[in-house]
Undergrad: 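One structure coming up, written as structure tokens, with questions to follow.
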Amino acid sequence: MKLAFNSYVYEVAQWPIEKTLKSAHRMGFRYTEYVACGSGDPTTMKAGKRRDVIRLHRDLGLHSSQLLLANVEHMACPDARVRGQVLDYMKRCSEFQLELGGRQVLVCWGCGVHVAHMTPEQAWLNSVAAIRSLAKWGLKQGLLVDLEIEPHVYFILNSSDKAARMVEDIGLPNVFPNLDIGHFVINREAPHRIEKIKNKIIHIHLSETEGYEHTNSILGTGCVDFASYVRKAVELGIEGNCARVNEPCIAGIEMGEPHYPVDDPDRWMQKSLRFLAKHLPEVRR
């Protein structure tokens, strides 16, 4: 299993994407988790910058193991026009991921949020329909769609049970639940809960928490036992799952939250790398 560099903490620190990618290269990463927001949002880039970012990513020897679809909060909302805009964003970002040479995209925000004036059942149907549209559109292109399990009640997808059900409801072979370890810890889902989705996990996020609050802080500063989850995922066959879809087996270092200041994202990444070298040495860049 390899480590990936997640760019979100750099977006929180408001670094330009070009500087961020150079930092990933300087630290010796081969794999990135590219977050499609802020400076890195391909849907807001002019054509020239888009080409330059793709070229820079390639020239630095980086491989985009996963692109995070960050602006999907309203993907299940009652307004069909808004849902269409989110789907368009997801497709345009997915095209960018394919141009980067990657195949996996992650539907963030727990695949959408609940709103008070819409039933949970309708929100679920809207979310399933949007993800099915994205996955079906990307099937012939080799796109793999990962689903983010978030840790709070207002997210549509907020448990491993629901993730297993959503994969089944979507009913397409290129849809997979993402294993975010910090989210599992907040949800009080111990490593054995991975068994429910063991045949479909192809990507891991290493995120930190204090147990109640989703801090996304420097790895090792909270309560997460990363090794127990990663080793359980390996025991349950994540590497074989990845091999079957011809993808590298990746665990990405995900940090950063908009309401927490980030003084120096490089410092955050370096401290996390030192922690992982001590506590999870089998996962390397």
Side-chain angles (χ1 to χ4, degrees), residues 1-6 29-34 63-69 97 101-108 110-111 131 135 138 142-151 157-168 170 172-209 216 219 224-255 272-273 275-277 279-285:
M1 188 177 297
K2 298 293 185 181
L3 278 175
F5 171 104
N6 186 298
F29 283 93
R30 179 184 176 191
Y31 296 101
T32 62
E33 290 175 349
Y34 187 106
H63 177 79
S64 180
S65 65
Q66 187 183 69
L67 182 142
L68 281 70
L69 302 169
Q97 168 71 333
R103 298 170 62 209
Q104 290 186 55
V105 295
L106 176 69
V107 184
C108 297
C111 300
I131 298 166
L143 191 72
L144 305 174
V145 180
D146 303 326
L147 311 179
E148 182 170 39
I149 305 167
E150 283 281 7
L157 197 65
N158 59 6
S159 72
S160 60
D161 291 342
K162 289 180 180 178
R165 177 187 159 201
M166 183 167 278
V167 169
E168 183 176 346
I170 293 168
L172 290 171
N174 58 334
V175 178
F176 305 85
N178 194 69
L179 171 57
D180 188 306
I181 294 174
H183 297 176
F184 266 57
V185 170
I186 296 174
N187 285 340
R188 304 310 190 258
E189 296 202 71
H192 73 271
R193 294 296 295 275
I194 303 170
E195 293 179 10
K196 185 176 290 293
I197 49 178
K198 66 179 182 180
N199 295 327
K200 296 291 286 184
I201 297 175
I202 60 172
H203 203 99
I204 294 175
H205 281 182
L206 306 173
S207 68
E208 188 60 272
T209 173
N216 260 14
L219 303 193
V224 178
D225 178 5
F226 296 100
S228 65
Y229 285 87
V230 170
R231 290 166 185 164
K232 186 64 174 180
V234 171
E235 175 192 327
L236 293 173
I238 186 174
E239 293 170 325
N241 296 344
C242 293
R244 282 192 291 275
V245 294
N246 196 29
E247 280 287 282
C249 188
I250 299 295
I253 302 172
E254 184 184 43
M255 298 180 292
S272 294
L273 286 170
F275 170 81
L276 291 172
H279 296 277
L280 197 60
E282 64 265 39
V283 183
R284 301 175 181 177
R285 281 166 282 181

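From a predicted model like this one, the values you see are computed outputs, not experimental measurements.
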Undergrad: Is there side-chain contact between Ile131 and Met166, with heavy atoms separated by less than 4.5 Å?
TA: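 Ile131 reaches Met166 side chain to side chain.
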
Undergrad: Who passes side chain to side chain donor-acceptor pair (under 3.5 Å) against Asn187, sequence neighbours left out?
TA: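 Per chain and number, Asn187 pairs via side chain to side chain donor-acceptor pair (under 3.5 Å) with no residue.
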
Undergrad: Looking at every non-hydrogen atom in both residues, tell me the closest pair between Ser207 and Val224 and how far apart they are.
TA: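 In terms of heavy atoms, the two residues are closest at O-CG2, 3.8 Å.
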
Undergrad: Does Glu235 have any side chain to side chain donor-acceptor pair (under 3.5 Å) partners at least two apart in sequence or in another chain, and if so, which?
TA: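 For Glu235 the side chain to side chain donor-acceptor pair (under 3.5 Å) partners, ignoring immediate neighbours, are Lys232.
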
Undergrad: Taking all heavy atoms of Ser65 and all of Glu33, pick out the closest pair and write down the distance.
TA: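 Looks like OG-CG, 3.9 Å.
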
Undergrad: Among side-chain atoms of Ser64 and Gln97, is any donor-acceptor pair under 3.5 angstrom?
TA: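 Yes, because at least one side-chain N or O of Ser64 sits under 3.5 Å from a partner of the opposite role on Gln97.
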
Undergrad: Do Phe184 and Ile149 have side chains that get closer than 4.5 Å, going by heavy atoms?
TA: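 With C-beta onward as the side chain, the pair touches.
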
Undergrad: Can you name the nearest heavy-atom pair linking Cys249 to Cys242, along with the distance?
TA: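 Distance-wise, the nearest heavy atoms are CA-SG, 3.7 Å.
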
Undergrad: Please name the residue in the list Val167, Ile202, Ile194 that meets the side chain to side chain contact (heavy atoms under 4.5 Å, CB included) test with Pro177.
TA: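 Of the listed options, the one satisfying the test is Val167.
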
Undergrad: Given side chains that start at C-beta, do those of Phe275 and Leu206 come closer than 4.5 Å, heavy atoms only?
TA: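 In short, these two side chains do not touch, never coming nearer than 4.5 Å.
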
Undergrad: Without swapping roles, check the side chain of Arg285 against the backbone of Leu273 for a donor-acceptor pair under 3.5 Å.
TA: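 No, the answer is negative, given that no donor and acceptor are paired below the 3.5 Å cut-off.
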
Undergrad: Can you list the residues that meet the side chain to side chain donor-acceptor pair (under 3.5 Å) rule with Gln66, with sequence neighbours excluded?
TA: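 Scan of Gln66 (side chain to side chain donor-acceptor pair (under 3.5 Å), adjacent residues dropped) gives Asp146, Asn178, His205.
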
Undergrad: What are the two closest non-hydrogen atoms of Ile201 and Asn241, and how far apart are they?
TA: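 Minimum heavy-atom contact is O-ND2, 3.0 Å.
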
Undergrad: Give a yes or no on this: more than 12 heavy atoms of other residues, nucleotides or ligands lie within 6.0 Å of atom CZ of Arg231.
TA: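 Result for CZ/Arg231: enclosed.
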
Undergrad: Search all heavy atoms of Ser160 against all heavy atoms of Ile197 and return the closest pair with its distance.
TA: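 Closest heavy-atom pair between Ser160 and Ile197: O-CG2, 4.0 Å.
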
Undergrad: Can you see which heavy atom on Met1 is nearest to which on Ala251, and at what distance?
TA: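 In terms of heavy atoms, the two residues are closest at SD-CB, 3.8 Å.
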
